[in-house]
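See structure below.
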Amino acid sequence: MTKAKFKSFWDKFGTLSILVLMLVCLSIASPKYFLTADNFKQIGLQSTVYILLAFGEFFAILLAGIDLSVGSVAALVGMFIAMMLKAGVPIPLAILAGLLIALVFGAVNGILINALDLHPFVVTLGTNTIFRGITLVVSNGSPVYGLPKAFKDMSGYVFGFPIPLLFALIMAVVLILFTTRSVAARNLYALGGNKQSAWYSGINTKHYTLFAHMLASLLAGVAGIIMTSRVGAAEPTAGDGYETFAIASCIIGGTSFFGGKGKIFGVLLGGLTIGTITNGLNILNVSSYYQKIVMGALIIGSVALEKVIGNSVKNS
Amino acid sequence: MEYLVEMKNMTMKFPGVVALDKVSFNLKPGEVHILLGENGAGKSTLVKMLSGINKPTEGEIIIGGKSYSHLTPKDSVENKIAIIYQELSVVNELSIAENLYVGKLPYKKIAGMKIMNRKYINEQAKKYMDEIGIKRSPNTLVQDISISEKQQVEIAKALAADAKIIIMDEPTSSLSIEETEELFQIIEKLKKNGIGIIYISHKLKEIKQVGDRVTVLKDGAYVETRDVADIEVDDLIPMMVGRKIKASHLGNEAEIEKNNEVIFSVKNLTRKDGTARNISFDVRKGEILGFAGLIGAGRSECMEGIFGAKPISSGEIFLHGKPIKIKDTYHALKKGIAMVTENRRETGFFQNFEIWREISVTMNLKKSRLAGFSGLVHDKDEKKMAEEQVGRLNTKCSGINQMTVNLSGGNQQKVIIGKWLAVNSDVFIFDEPTKGIDVGAKSEIYDIMRGMADDGKAIVMVSSEMPELLSTCDRIIVFRNGEISGVLTNNEATGEATEETIMRAAVAVD
């Protein structure tokens, strides 16, 4: 295989290769516990929240920006829904209201970015803390539990398949169709590639920036609902630091930090990779302190690998 | 008489272009030697050889009795050459005194550490500031003073460096009349001290006010050096321009006016930031309307305002006689107005798109109802449209799957034009359409524009190259300082449009 051919192979199957390699290694390391149907279900479940947060993050990164507030939005939406459910609001209504709130938070991010012409990093760094603060204020710092059984059952199994994972896969299909088939997504790619060119080609860059951040928050809200349903309670500190997992999933999934490049399918694989590592390290009894180190190394390693491959093609 | 500096047969070649061709120039102590020429004549290229930025391909520089093939920035400083650019290079966060000594602050050593000797530099700075007449404390931060004062600080800095040669690049471009007067008085003082000044300017009337000698450059070549006392300002314009251009379309205006209706009109348009004011013009069907002027005269700014890319404070736009509102570029696109921008890389194409995706961006927006938020892409139709545009414009590429960024400048331009042809726009605004494009591709672009005009589109062309305006346009509007200063055609009333008449309207003669 020539270097150029390897590059194009890596562009297509790089993330998949990392995932497969990881599965093989962990299977060899712990065939008894890792390589079981139950454990794979567990991986799927664990990955779901990462995947959904990463889907949202994807749209922020696609515009050469970032959204650091996804973890807080998930927690806040989860908290609001839990409180509504406790107050007797019907489940569908509570979910709808929760998603609406998520959209509002996304709009706050987008409007601030547009109005102040600030980098999304700065804005979402601030709103991340603000949203987390609101969660603590409304919950008075304590978890809300004792949620209706029907709500908890939403994260159960159907024909032995975890519902959250099924939902994430359906979302993946919807978003793949959206990113490849819709004019709106094509415009997001254009905007991510070159903001000024987009503006001079008739794309209203501010509207699309707002749109991308609302989409990011909406998906974070969905993640928050699933997170709350799985745990059966809303923790005010839930999802703290999850933006790292979301960003890592996008990067491992091949989304370019410079904007305009990336695929939802890659992000899905990236999210599964993160879930697999977390699960594998747990099974191998690696302390959660070391897990953080491994996770960080993997983020840098996967990007470095891509860079090395890219450069070796250029130089040959 | 001894010259401060003599430059002989200076030549500067870039791949494919001769930026400067055997230009000679000298400067006497105590004189102001004006360097005159239109945009791209080679003035900056020449003075950058003195500051050590440009390394000449050929030529000799004699300075202080020594001969150099080229100067390094260090040679330049050692030979007491100071340059004051249009974009002033003072450090806003430092005081006036510190600015005078940037990079070479006098210090004293206390316990082995270098400590700035503030008292000493303030005293020294005060001396130079008094000489020029800066009525400020040396401790004043530069960010708190006006632009003309900042310029005076630069001159003081040159004095502090004991400069014998001071180069001023369009020093009055952002000064008021009073400030200009002040600058001229300072220049008088500098002359008395035996300092030689190289003065670059477009403003012809300043030549008589401040100059002793003037050297004219044109297209990188030396034209003439004259004593200012012996010339009339009017004599200089033909020296700056005067190429023989076949104005092949400029006679057609009467014909167009008779037969073709007005497609597009702009009435009293003023940009919010004031860079273009009270602009009115009509474009007829099949007409190429040129916009001439010096760089920074407000032509691009005006077009950005029309296209909805930058905010306007007032003005009306009519398409086919009906008033239209253009709030942003999306509205412009929807109404059938296209703009091909000056900087392809920054505002033209998408680095991450293939040719077919590039071309289909506008098409998808036009079809969509909600500013592009609704609607689906149809790869097959888009590729077909891209093939059509690529073929029609004779774009050289390996196929529509090639990335736009990997094409040559001329072919990138064709892809961008194709992007707007794909939505069948009625009005095309071209801003410097041949910038950075090789000669062969240039003539293709002219042909494309003429072809589009013949198809009944209204074409607007902004260009800083007078020859291409004269050879391509039916009528030329000239901008000066944010306003329209002339309209040129070849009819009997206005006489013949030439580079000379354009230049007269573009620069402030009186």
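We name chains A, B, ... by the order of the sequence lines, and we start the count at 1 in each one. Any value given below was found using the heavy atoms of this structure, including those in side chains, with hydrogens, waters and symmetry copies removed.
For Ser374(B), the part lying under 4.5 angstrom from a heavy atom of chain A is the backbone only. When heavy atoms are compared at a cutoff of 4.5 Å, Tyr189(A) approaches chain B by way of both its backbone and its side chain. Looking at Phe307(B), the atoms closer than 4.5 Å to chain A (heavy atoms on both sides) all sit in the side chain, from C-beta outward. Of the atoms belonging to Lys419(B), it is side-chain heavy atoms, and not backbone ones, that fall under 4.5 Å from chain A. With a 4.5 angstrom heavy-atom cutoff, Ala332(B) does not touch chain A via any of its atoms. Looking at Glu358(B), there are no atoms closer than 4.5 Å to chain A (heavy atoms on both sides), in backbone or side chain. Residue Leu376(B) touches chain A through both its backbone and its side chain, counting heavy-atom pairs closer than 4.5 Å. Contacts between Asp379(B) and chain A at a heavy-atom distance below 4.5 Å involve the side chain alone, from C-beta outward.
With respect to chain A, the highest number of heavy-atom pairs below 4.5 Å among Ile416(B), Thr347(B), Leu333(B), Thr362(B) belongs to Thr347(B). Put simply, of Ala190(A), Ala184(A), Gly192(A), the one with the most heavy-atom pairs under 4.5 Å next to chain B is Ala190(A). Ranked by heavy-atom pairs shorter than 4.5 Å toward chain A, the options Gln351(B), Arg357(B), Met339(B) are led by Arg357(B).
Contact residues of residues 193-203 of chain A toward chain B are Gly193(A), Asn194(A), Gln196(A), Ser197(A), Ala198(A), Trp199(A), Tyr200(A), Ser201(A), Gly202(A), Ile203(A) (heavy-atom distance under 4.5 Å). Contacts between residues 259-272 of chain A and chain B, defined by a heavy-atom separation under 4.5 Å, are made by Gly260(A), Lys261(A). Contact annotation for residues 207-221 of chain A against chain B (heavy-atom separation below 4.5 Å, listed by residue number): His207(A), Tyr208(A), Phe211(A).
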Dump the intermediate steps for side-chain contact (heavy atoms from CB on, under 4.5 Å) on Arg186(A) and Glu382(B), then the final yes or no.
CA-CA 12 Å; Arg186(A) 180 72 69 74; Glu382(B) 289 168 20; 2.9 Å; yes

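Take Lys435(B) and apply the salt bridge (Lys or Arg N to Asp or Glu O under 4.0 Å) test, not counting sequence neighbours, and it matches Glu342(B).
Shown here is Lys384(B), whose NZ atom has no more than 12 heavy atoms of other residues, nucleotides or ligands within 6.0 Å.
Summarising the geometry of Thr180(A) relative to Val377(B), their closest heavy-atom pair is O-CG2, 3.4 Å, with the distance given to 0.1 Å.
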